[in-house]
Enquirer: 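Structure below; questions to follow.
Remember, it's a predicted structure, so these values are computed and weren't measured experimentally.
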2 protein chains.
Amino acid sequence: MLSQTGLYALQALLHLAAKGRNGPVPAGHMARELGIPANYLAKILQRLSREGILEATRGARGGYRLVPDPARLTVATAVAPFQELKTPRVCLMGGLCDLSNPCVAHTRRLQWNAAALASLARTTLADLLAGTPEEADRPGHSNQPTENDR
Amino acid sequence: MLSQTGLYALQALLHLAAKGRNGPVPAGHMARELGIPANYLAKILQRLSREGILEATRGARGGYRLVPDPARLTVATAVAPFQELKTPRVCLMGGLCDLSNPCVAHTRRLQWNAAALASLARTTLADLLAGTPEEADRPGHSNQPTENDR
DNA sequence: ATTAAATCGGATAATAATGTCCGAAAAAGG
DNA sequence: CCTTTTTCGGACATTATTATCCGATTTAAT
């Protein structure tokens, strides 16, 4: 589902969102705290820094700082640099797939992927920290209670 | 999402469900038809055979046959032998996770996994073949009768 | 200026996933 | 019996992911 690397990134970002109030947090500190291989986490943080999600301060008293508001940073965005979504364009039906008319199995798989991504795109770091229970899975819909007539 | 191996398995099973009406289908034939590395597919089919999902007939005129009714075989089941679901027991919150009271981030990740799996568990091979458009994601209300009579 | 703390980034190693090769065994048909 | 077709299964090769190492650079504090 989420790659190991993506999970590490998410953990670090959550840590920063929760405990990075006063000044930047060194990578080594986070690695120790979270139980992540230090040198590997360093690479991940560099990446997030290049991506603009983190800001690095070098030298003594340096470290990383979370740039966006946790309420506006979705898990999908946070993890995107490590997911590599390399569009496998092989249809489930193989040779059976017509490719001219839309193949059902093909469409279905895209839907699966979309559903998985949508869930991550609806969750922000703030959600995770605050403990908002997961709302109904209705992509594109704001949470309007339509079940009141059952 | 789905591993490459899992996708291959799914393709082969769909092929058998669609074209395996009269007699077993050889692995080599499927590999050619679906554009899957022949020797690799062979390994996958062996696995499905040991799992009881396929039945192998050896020797000339042999091949593989789909054992369960496509309407009762879910994608989740078909792909399960290759997913290895190795329960990563690292909480998203790292050291912050209490582990005594239920950690929100922890719970949330399990929900993500569950949601992804649920979608696969609700789809049968017959669904894919028949072209049933994906119904609303309602776990209790499966669109295909997977337990109507027994 | 010197030192210590920290990121930066390239090179490399270890592990897992994917793909290949080949010989043995089984079954069918002559 | 012999040949052909096919699965079986172990060993190996390739590639991607994950992890480690180390020297260079930047910065703050002494």
Enquirer: Atom CD of B:Gln4 and atom P of C:dT20: how far apart are they, to the nearest Å?
Expert: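 Distance check: B:Gln4 CD to C:dT20 P gives 12 Å.
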
Enquirer: From the options D:dC8, C:dG19, D:dT5, select the nucleotide whose nearest atom is closest to the side chain of B:Tyr8.
Expert: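 Within the option list, the nearest is C:dG19.
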
Enquirer: Closer than 4.0 Å, any side-chain N/O of A:Tyr64 to the OP1 or OP2 of C:dC8?
Expert: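 For C:dC8, OP1 or OP2 has a side-chain N or O of A:Tyr64 closer than 4.0 Å.
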
Enquirer: When you measure from the side chain of A:Pro26, which nucleotide among C:dT7, C:dG19, D:dT6 comes out closest?
Expert: C:dT7

Enquirer: Is a donor-acceptor pair below 3.5 Å formed from side chain A:Arg58 to base C:dA5, judging by atom type as modelled?
Expert: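 It does not, because no donor-acceptor pair links the side chain of A:Arg58 to the base of C:dA5 below 3.5 Å.
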
Enquirer: Any chance you could measure B:Leu54, atom CG, to B:Leu66, atom CG, to the nearest 0.5 Å?
Expert: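 Nearest 0.5 Å value for the CG-CG distance: 6.0 Å.
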
Enquirer: Whole-Å distance between D:dT25 C1' and A:Gln46 CD?
Expert: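 For the pair A:Gln46 CD and D:dT25 C1', the rounded distance is 12 Å.
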
Enquirer: Would you tabulate the nitrogen or oxygen pairs shorter than 3.5 Å linking the protein to nucleotides 10-15 of chain C?
Expert:
| from | atom 1 | to | atom 2 | distance (Å) |
| --- | --- | --- | --- | --- |
| C:dG10 | O6 | A:Lys43 | NZ | 2.3 |

Enquirer: I need the CD-P distance between B:Gln83 and C:dA17, as an integer number of Å.
Expert: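 Roughly 11 Å, once rounded to whole Å.
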
Enquirer: Go through the steps to decide whether A:Leu125 and A:Leu14 satisfy the test side-chain contact (heavy atoms from CB on, under 4.5 Å), and finish with yes or no.
Expert: CA-CA 7 Å; A:Leu125 292 204; A:Leu14 282 171; 4.3 Å; yes

Enquirer: Per the salt bridge (Lys or Arg N to Asp or Glu O under 4.0 Å) rule, what does the pair list look like for residues 48-60 of chain B, sequence neighbours excluded?
Expert: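 Residue pairs with at least one partner in residues 48-60 of chain B: B:Arg47-B:Glu51, B:Glu55-B:Arg65.
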
Enquirer: Within the 4.0 Å heavy-atom criterion, would you say B:Gly59 contacts the bases, only the backbone, or no part of the nucleic acid?
Expert: base

Enquirer: Let me confirm one number: the CZ-OG1 distance from A:Arg122 to A:Thr124, rounded to the nearest 0.5 Å.
Expert: 12.0 Å

Enquirer: Quick one: which of C:dG19, D:dT7, D:dT4 gets closest to the side chain of B:Ala56?
Expert: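 Looking only at side-chain atoms, B:Ala56 lies closest to D:dT7.
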
Enquirer: Measuring from B:Leu45:CG to B:Leu13:CG, what's the distance to the nearest 0.5 Å?
Expert: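 Nearest 0.5 Å value for the CG-CG distance: 8.0 Å.
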
Enquirer: Please report, rounded to the nearest Å, how far the P atom of C:dT20 is from the OH atom of B:Tyr40.
Expert: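 To the nearest whole Å, that distance equals 10 Å.
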
Enquirer: So if I take every side-chain heavy atom of A:Arg61 and compare against C:dA6, C:dT18, D:dA29, which nucleotide ends up nearest?
Expert: D:dA29

Enquirer: Please enumerate all residues that pass side chain to side chain contact (heavy atoms under 4.5 Å, CB included) together with B:Ala31, with sequence neighbours excluded.
Expert: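 For B:Ala31, the residues satisfying side chain to side chain contact (heavy atoms under 4.5 Å, CB included) (neighbours in sequence not counted) are B:Ala38, B:Leu41.
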
Enquirer: For B:Arg47 and C:dG19, give me the distance from atom CZ to atom P, rounded to whole Å.
Expert: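 Distance check: B:Arg47 CZ to C:dG19 P gives 16 Å.
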
Enquirer: Choosing from C:dT20, D:dT7, D:dT20, which nucleotide comes nearest the side chain of B:Pro37?
Expert: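 Closest of the options to the side chain of B:Pro37: C:dT20.
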
Enquirer: Measure from the side chain of A:Asn39, starting at C-beta and using heavy atoms only, and say which of D:dT27, D:dC21, C:dC8 lies closest.
Expert: D:dC21

Enquirer: Which label fits A:Tyr8 and A:Tyr40: parallel for a plane angle under 30°, tilted from 30 to 60°, or perpendicular past 60°?
Expert: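 Because their plane-to-plane angle is over 60°, the rings of A:Tyr8 and A:Tyr40 count as perpendicular.
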
Enquirer: B:Ser3 side chain: which of C:dC21, D:dT18, C:dT18 is closest?
Expert: C:dT18

Enquirer: Does a side-chain N or O from A:Arg50 land closer than 4.0 Å to OP1 or OP2 of C:dC8, or not?
Expert: no

Enquirer: What is the distance, to the nearest angstrom, from the CG atom on B:Leu41 to the C1' atom on C:dA17?
Expert: 17 Å

Enquirer: Can you tell me the distance, in whole Å, between the CG atom of A:Leu7 and the P atom of D:dT17?
Expert: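 In whole Å, D:dT17 P and A:Leu7 CG are 15 Å from each other.
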
Enquirer: Can you tell me which nucleotide in D:dT4, C:dC8, D:dC8 comes closest to the side chain of A:Ser49?
Expert: C:dC8

Enquirer: Could you tell me whether A:Ala27 contacts a base, only the sugar-phosphate backbone, or nothing, with contacts defined as non-hydrogen atoms closer than 4.0 Å?
Expert: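 The answer is sugar-phosphate, as A:Ala27 gets under 4.0 Å only of primed atoms, P, OP1 or OP2.
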
Enquirer: Say you draw a straight line from CG of A:Leu7 to CD1 of A:Ile44; how long is it, rounded to the nearest 0.5 Å?
Expert: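 Rounded to the nearest 0.5 Å, the CG-CD1 separation comes out at 9.5 Å.
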
Enquirer: Nearest whole angstrom, please: distance from the P of C:dC8 to the CD1 of A:Ile44.
Expert: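 Rounding to the nearest Å, CD1 of A:Ile44 and P of C:dC8 are 14 Å apart.
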
